[in-house]
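Worksheet: one structure, shown below.
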Amino acid sequence: MFDWIVALLQQAGYFGIAFLMFAENVFPPIPSELIMPLAGFLVHRGDLGFVPTMLAGMAGSIAGAWIWYFAAMKFKRRRVRRLISNHGRWFTMTLEDLDRAEDWFERHGRMAVLVGRLLPGVRTLISVPAGLTGMPQGTFLLLTAVGTTVWVGILTLAGMLLGSQYDLVQQWLNPVSNILFGALALIYVYRLVTHKGVVEDEGQGASSK
């Protein structure tokens, strides 16, 4: 898996980084925890530039976050919950995931968008309560950009630092990444098979709109 992702990023370049980071926010086939460190490894090796790699990762991630923000703002709470309830399995999302993101947003306000971009399990869905509450688009994009810059920067720099130990890293990262991707695939299939959509009625959710 390590070699496959490295080869993919080499061939697709910055567009590939942006696309995978976009997909990771909408339909997560490969987590950013693998994408950006391996992009950082290619930066260390001289195949990619640091600034374009950062910009590509940020652009893809911000675009993916905006998709959920826009959907929430457009469809409102009840329709978003129905969408996730009936079709969230394709995006590896559940109503419990959404409730967790909404709770985080209620407790931390606008800063939840910034900090939430750094937290696995919250990072993608934090865009939804931002859209539902009508957060101004400029504010959302600014906070998302700041949080995304920190997240992408940490992962890219980690890959660059590990690049100097490539021979050692490859020996354990290849099997580890294979196991991780295999586990994610199994979890995804399990959630597809066991998912049962439940359409909420008008009385469900005190804050339904």
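Below, each value reflects all heavy atoms present in this structure, side chains not excepted, and no hydrogens, waters or symmetry copies.
Side-chain contact check for Gln137 versus Phe70: every heavy-atom pair is 4.5 Å or farther apart.
Residues forming a side-chain contact (heavy atoms from CB on, under 4.5 Å) with Ala72 (at least two apart in sequence, or on another chain): Val80, Val128, Leu132. Every side-chain contact (heavy atoms from CB on, under 4.5 Å) that Phe22 has, sequence neighbours left out, goes to Val26, Ala63, Ile67. With sequence neighbours excluded, no residue forms a ring-ring contact (aromatic ring centres under 6.0 Å, His included) with Phe19.
Checking side-chain atoms of Thr144 against main-chain N and O of Phe140 turns up a donor-acceptor pair under 3.5 Å. Although no hydrogens or angles enter the test, the distance criterion places a donor-acceptor pair under 3.5 Å between the side chain of Ser127 and the main chain of Ala65. Checked by atom type and distance alone, the side chain of Trp68 pairs as donor or acceptor with a backbone atom of Asn25 at under 3.5 Å.
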side-chain contact (heavy atoms from CB on, under 4.5 Å) between Phe105 and Met135, intermediate numbers included | CA-CA 11 Å; Phe105 188 86; Met135 174 183 284; 3.9 Å; yes
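Pairing each heavy atom of Leu9 with each of Ala39, the nearest pair is CD1-N, 3.8 Å. Between Arg117 and Gly147 the shortest heavy-atom distance is CB-C, 3.9 Å.
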Table please: side-chain donor-acceptor pairs of residues 149-162 below 3.5 Å, with sequence neighbours left out.
from   : atom 1 : to     : atom 2 : distance (Å)
Thr149 : OG1    : Ala145 : O      : 2.7
Trp151 : NE1    : Ser32  : OG     : 3.1
Thr156 : OG1    : Val152 : O      : 2.7

Would you give me the side-chain donor-acceptor pairs under 3.5 Å for residues 47-57, sequence neighbours excluded?
from  : atom 1 : to    : atom 2 : distance (Å)
Asp47 : OD2    : Gln10 : NE2    : 3.3
Asp47 : OD2    : Arg45 : NE     : 2.9
Asp47 : OD2    : Arg45 : NH2    : 3.0
Thr53 : OG1    : Gly49 : O      : 2.7

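To the nearest 0.5 angstrom, Ile35 atom CD1 is 9.5 Å from Leu8 atom CG. Met73 CE to Thr133 OG1: the interatomic distance, rounded to the nearest 0.5 Å, is 11.0 Å. Separation of atoms CZ (Phe15) and CG (Leu20) is listed at 9.5 Å; rounding is to 0.5 Å. Atom CG of Leu141 and atom CD1 of Ile62 lie 7.5 Å apart (nearest 0.5 Å).
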